[in-house]
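To start, the structure itself, in structure tokens.
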Amino acid sequence: MLSNLNIVLFGTKFPENVGSSARAMTNMGCHNLTLVSPLSWDMDKAFPLATAKGRDIVERAATYDDLGEALKDQTRVYGTTARTGGWRKGVMTPTTAAPLIVDQLRNGEKVAVVFGPEDRGLTNDETQLCSRLINIPTSRENSSLNLSQAVLIILYECFRNALDKPYSPAGPPEERATSFEEQEILAANLQETLLAIDFLKSDNPDYWMMPVRRFMSRINIKRNEFNLLMGICRQIKWIAAKAGRK
């Protein structure tokens, strides 16, 4: 889905930031990188932070001397800015911009997101080349983000919106609930164990076991939890027997 999305890094000062941005791009399935007037560009310095996954993105990155020239084939251009207010009206957040970007990509448009130099960002003149601006909300005390962090945040929102269905972590394997027979086996073993350590009174243990049974009836014990509790019972009874308590 993000194959037509182009990340444009303009005036990037440090090649290491290009490399780490390329790595962020691979995480989100974006592979088009354009460099415009990079300062002190050194591909070998970018490679370590790009890692093996992002190396190909760095190697294939298009390079231009002029921002307008780099954007001439794009149908939509989003600029990033840390500054708001003044004439910069209608600034979007990554959350509000991502659905628009994804819809435009689905319609076959070529979309670019432009990031300015690390120390100053895009100037007013440079943002005039952009149809919309994106601002990443941050703490008021420190609004400066590392370049690759900004790239990752915006791409994450685009990636999330491009999914066919919402992402849900797989989590642990689902275990079946214990059967009535297994619950009775567990209750019997718990009773034997609690008797072995004198937690239950030996006279009429079924009566003193009733609160434990009521507690067990309120929880949905899974089969793996049944195995765990049975193992604990065995270990406690073994220790009790070793201590001479039967």
Side-chain angles (χ1 to χ4, degrees), residues 1-3 5 20 22-31 49-54 92-103 105-106 136-139 145-146 148-246:
M1 174 53 66
L2 302 187
S3 59
L5 183 59
S20 55
R23 178 179 181 180
M25 292 171 63
T26 65
N27 292 135
M28 298 298 128
C30 179
H31 305 287
L49 278 84
T51 70
K53 295 290 186 180
M92 310 175 77
T93 66
T95 304
T96 55
L100 293 177
I101 293 174
V102 170
D103 283 344
L105 292 172
R106 285 190 172 126
I136 300 174
T138 59
S139 167
L145 289 170
N146 175 271
S148 62
Q149 291 175 332
V151 170
L152 181 60
I153 289 170
I154 292 176
L155 284 180
Y156 165 74
E157 290 294 340
C158 293
F159 177 82
R160 187 172 63 86
N161 278 270
L163 295 174
D164 294 331
K165 58 182 180 179
Y167 171 74
S168 178
E174 183 64 29
E175 290 283 346
R176 68 168 176 83
T178 50
S179 65
F180 174 78
E181 180 182 16
E182 290 166 336
Q183 294 168 20
E184 287 299 302
I185 292 172
L186 177 59
N189 270 273
L190 277 172
Q191 182 169 319
E192 291 176 6
T193 303
L194 295 176
L195 281 169
I197 60 175
D198 288 339
F199 184 84
L200 294 181
K201 295 181 180 181
S202 57
D203 58 319
N204 198 7
D206 291 340
Y207 172 80
W208 299 112
M209 186 67 183
M210 288 176 62
V212 179
R213 281 184 169 272
R214 284 197 294 268
F215 167 74
M216 291 175 61
S217 69
R218 293 198 301 271
I219 58 177
N220 183 22
I221 299 176
K222 303 293 186 180
R223 174 66 199 201
N224 61 323
E225 296 165 337
F226 168 85
N227 293 334
L228 172 67
L229 291 171
M230 290 289 287
I232 291 173
C233 289
R234 285 194 299 271
Q235 188 69 12
I236 292 175
K237 286 189 286 186
W238 177 79
I239 292 175
K242 191 174 181 181
R245 307 185 71 167
K246 300 181 180 178

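None of the values given here were measured: they were computed from a predicted structure.
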Nearest heavy-atom neighbours spanning [X] and [Y]:
{"X": "T96", "Y": "L100", "result": "O-CG, 4.2 Å"}
{"X": "L195", "Y": "S202", "result": "CD2-CA, 3.9 Å"}
{"X": "G54", "Y": "T26", "result": "CA-CG2, 3.6 Å"}
{"X": "P137", "Y": "T93", "result": "CG-CG2, 4.1 Å"}
{"X": "P94", "Y": "I154", "result": "CG-CG1, 4.1 Å"}

About how many Å separate [atom2] of [Y] and [atom1] of [X], when rounded to the nearest 0.5 Å?
{"X": "S3", "Y": "L105", "atom1": "OG", "atom2": "CG", "answer": "7.5 Å"}
{"X": "Q183", "Y": "I219", "atom1": "CD", "atom2": "CD1", "answer": "9.5 Å"}
{"X": "R223", "Y": "E175", "atom1": "CZ", "atom2": "CD", "answer": "9.0 Å"}
{"X": "I197", "Y": "L194", "atom1": "CD1", "atom2": "CG", "answer": "5.5 Å"}
{"X": "I232", "Y": "K237", "atom1": "CD1", "atom2": "NZ", "answer": "12.5 Å"}
{"X": "F159", "Y": "M25", "atom1": "CZ", "atom2": "CE", "answer": "14.0 Å"}

Requested in this report: Applying side chain to side chain contact (heavy atoms under 4.5 Å, CB included), run through L190 and M216 and close with a yes or a no.
Outcome: CA-CA 11 Å; L190 277 172; M216 291 175 61; 3.4 Å; yes
Query raised in the report: Is T178 reaching over with its side chain to a backbone N or O of I221, donor-acceptor style, under 3.5 angstrom?
Result: yes
Query - Under 3.5 Å: donor-acceptor pair, side chain of W208, backbone of D203 - result: yes
[Y] and [X], any side-chain heavy atoms less than 4.5 Å apart:
{"X": "M28", "Y": "C158", "result": "no"}
{"X": "E184", "Y": "R213", "result": "yes"}
{"X": "L145", "Y": "I153", "result": "yes"}

**Report entry** Residues L155, N27; criterion side chain to side chain contact (heavy atoms under 4.5 Å, CB included); working and verdict
**Finding:** CA-CA 9 Å; L155 284 180; N27 292 135; over 6 Å; no
**Report entry** Member of D206, V212, L186 meeting the side chain to side chain contact (heavy atoms under 4.5 Å, CB included) criterion with Q191
**Finding:** D206
Query - Within 6.0 Å of NZ in K222, more than 12 heavy atoms from elsewhere - result: yes
Query raised in the report: After noting the C-alpha distance and the side-chain angles of M230 and I185, does the key distance pass the side chain to side chain contact (heavy atoms under 4.5 Å, CB included) rule?
Result: CA-CA 9 Å; M230 290 289 287; I185 292 172; 3.8 Å; yes
Query - Residue pairs passing the side-chain hydrogen bond (donor to acceptor under 3.5 Å, both in side chains) test where at least one lies in residues 154-163, sequence neighbours excluded - result: E157-R160
